[in-house]
Amino acid sequence: MKYSFFPGCSMESTAHDFEMSTLAVAKALGIQMEELPDWSCCGSTPAHATDSLLAVSLPARNLAIAQGLGSDLIVCCASCYGRLATANRDLAHDAQLRAQVSDIIGQQYDGKVKVRHFLQLLRDDYGIPEIKDNIVKSLNGLKVACYYGCLLTRPKELSILDDPEDPQVLEDILSAAGADPVEWPYKTECCGASFSITRTDTVKHLAGDILRMAKMSGADCIAVACPLCQSNLDLRQSDIEKETGEKIGLPVFFFTQLLGKALGLSDSELGINKLMVSPAGIAGL
């Protein structure tokens, strides 16, 4: 299996542990992920709020590079996935837009590159049974709240999930690794994502509700597939505890970190030491 890999800005900075664990898991499973050469920012959450043509042109440049390589483009950041997939859809169906964007990026692009999240690759190409066959250290019933947030589930036509209202792919992958996903009602609630810097009060309120519900549902930890979700739930957890006087203490892993543990990878390979809420108290990890 060989794919082009778009890391995006978050995975080269604040979510470097997501990139580390993704590439380590891919290597352990025999999946070739080659970084897209000369990639640039996709516009993430700000571009489409300021200029609709810029919001398409930024991801289109990266898609045009991937087109030249002739392979699917794999993404892990939920926000990057949304921008690349949205641009792909718009360019595929709008000839006038294609012409405008081609003038801007200096290349022709027809919207035919397949943009896929790493979760889709694991589920659809590699296979859940094959993941289970590669487990060497079971997560041994670890109770995990699988959290999808909103960027992977909305809008419905671009969702990577079979059922955006009740997704199961994280549960399926982590169950194959020996975990015991809990049932909880907040798996697709928004944590504030794009308001992370401008409205931290709103983000802390939303993130606090999600963390409390995960704990009330019996989870030992949370697993996410989005850098913004991980940052809001992990980095801001101590501030939420200080403001409310409650102790939450829920580690927030990227799902690739938990899967990597079950594949026998080391904490240093998976960036476990970068988590703000320590998982040291969780038995078996």
Side-chain angles (χ1 to χ4, degrees), residues 1-3 5-8 10-35 74-78 80-81 116-148 152 160 168-181 219-227 229-231 233-235 250-285:
M1 294 181 175
K2 184 176 180 179
Y3 303 88
F5 173 56
F6 180 81
S10 292
M11 295 183 74
E12 296 279 285
S13 54
T14 54
H16 184 49
D17 39 345
F18 197 8
E19 181 180 41
M20 292 169 63
S21 55
T22 295
L23 296 178
V25 163
K27 184 178 180 181
L29 294 175
I31 301 168
Q32 294 185 53
M33 300 261 276
E34 295 190 1
E35 184 170 323
I74 303 302
V75 185
C76 274
C77 171
C80 293
Y81 171 81
R116 306 172 68 204
H117 194 276
F118 190 52
L119 283 169
Q120 292 173 297
L121 187 164
L122 293 175
R123 178 191 62 193
D124 301 335
D125 294 8
Y126 198 85
I128 303 298
E130 288 74 15
I131 291 174
K132 191 171 184 178
D133 288 343
N134 281 277
I135 299 304
V136 298
K137 182 184 177 184
S138 171
L139 295 178
N140 198 29
L142 178 71
K143 295 188 181 302
V144 182
C146 295
Y147 177 64
Y148 298 84
L152 290 176
I160 69 166
Q168 292 295 321
V169 62
L170 280 171
E171 283 88 342
D172 291 345
I173 290 173
L174 295 179
S175 291
D180 182 15
D220 299 316
C221 62
I222 295 176
V224 304
C226 170
C229 295
Q230 201 279 339
S231 177
L233 297 176
D234 182 40
L235 182 64
L250 274 184
V252 183
F253 294 94
F254 290 110
F255 78 96
T256 43
Q257 292 176 312
L258 289 176
L259 178 56
K261 293 284 286 186
L263 293 171
L265 301 174
S266 67
D267 285 2
S268 60
E269 290 176 286
L270 300 169
I272 298 292
N273 63 336
K274 295 182 181 298
L275 299 178
M276 298 301 293
V277 178
S278 173
I282 299 180
L285 281 185

Inset, instruction - Side-chain contact test, heavy atoms from C-beta onward, threshold under 4.5 Å: evaluate it for Ile282 versus Phe253 and give yes or no. - result: yes
Legend entry - Nearest-0.5 Å distance, CD of residue Glu171 to CG of residue Asp180: 11.0 Å
Legend entry - Nearest-0.5 Å distance, CD1 of residue Ile272 to CE of residue Met20: 9.0 Å
Legend entry - Asp234 side chain to Val277 backbone, donor-acceptor under 3.5 Å: yes
Inset, instruction - Could you pull out all residues at least two apart from Asp124 that satisfy salt bridge (charged side-chain N to carboxylate O under 4.0 Å, His left out)? - result: none
Legend entry - Parallel, tilted or perpendicular: rings of Phe118 and Phe255 (30°, 60°): tilted
Legend entry - Sidechain-backbone polar pair: Gln257 side chain, Leu270 backbone, donor-acceptor under 3.5 Å: yes
Inset, instruction - Provide the closest heavy-atom pair for Ala176 versus Ile128 in the form atom of the first, atom of the second, distance. - result: CB-CG2, 3.9 Å
Inset, instruction - Any chance you could measure Leu29, atom CG, to Asp133, atom CG, to the nearest 0.5 Å? - result: 11.0 Å
Legend entry - Nearest-0.5 Å distance, OG of residue Ser21 to NZ of residue Lys261: 12.0 Å
Legend entry - Closest non-hydrogen atom pair, Ser278 against Pro251: O-CG, 3.6 Å
Inset, instruction - For Phe254 and Pro227, work out which heavy atoms get closest and say how close. - result: CE2-CA, 3.9 Å
Inset, instruction - Would you please test Gln230 and Leu275 for side chain to side chain contact (heavy atoms under 4.5 Å, CB included) and show each step? - result: CA-CA 9 Å; Gln230 201 279 339; Leu275 299 178; 3.5 Å; yes
Legend entry - Exercise: identify the closest heavy-atom pair between Phe18 and Cys226: CE2-N, 4.3 Å
Legend entry - Validation row: Leu119, Tyr81 side chains within 4.5 angstrom (heavy atoms): no
Legend entry - Minimum-distance pair of heavy atoms, taken over all atoms of Glu12 and Pro7: OE2-CB, 4.0 Å
Legend entry - Leu263 and Ile135: CA distance, side-chain angles, deciding distance, side chain to side chain contact (heavy atoms under 4.5 Å, CB included) verdict: CA-CA 5 Å; Leu263 293 171; Ile135 299 304; 4.0 Å; yes
Legend entry - Test log, rule side chain to side chain contact (heavy atoms under 4.5 Å, CB included), inputs Leu23 and Phe5: CA-CA 10 Å; Leu23 296 178; Phe5 173 56; 3.9 Å; yes
Legend entry - Separation of Leu122 CG from Ile173 CD1 (nearest 0.5 Å): 4.5 Å
Inset, instruction - For a side chain to side chain contact (heavy atoms under 4.5 Å, CB included) with Thr22, tell me which candidate from Leu259, Thr256, Asp17 qualifies. - result: Thr256
Inset, instruction - Look up atom SG in Cys221 and atom CG in Leu142, then write down how far apart they are to the nearest 0.5 Å. - result: 4.0 Å
Legend entry - Whether Tyr3 side chain and Ile31 backbone form a donor-acceptor pair below 3.5 Å: no
Inset, instruction - Assess whether side chain to side chain contact (heavy atoms under 4.5 Å, CB included) is satisfied between Ile74 and Met33, documenting all intermediate values. - result: CA-CA 8 Å; Ile74 303 302; Met33 300 261 276; 3.9 Å; yes
Legend entry - Closest approach of Tyr148 to Leu170 (non-hydrogen atoms, all atoms of both residues): OH-N, 2.9 Å
Inset, instruction - Would you please name every residue forming a side chain to side chain donor-acceptor pair (under 3.5 Å) with Ser266, sequence neighbours left out? - result: Ser268, Glu269
Legend entry - Test item: Gln120 side-chain N/O and His117 main-chain N/O as donor-acceptor pair under 3.5 Å: yes
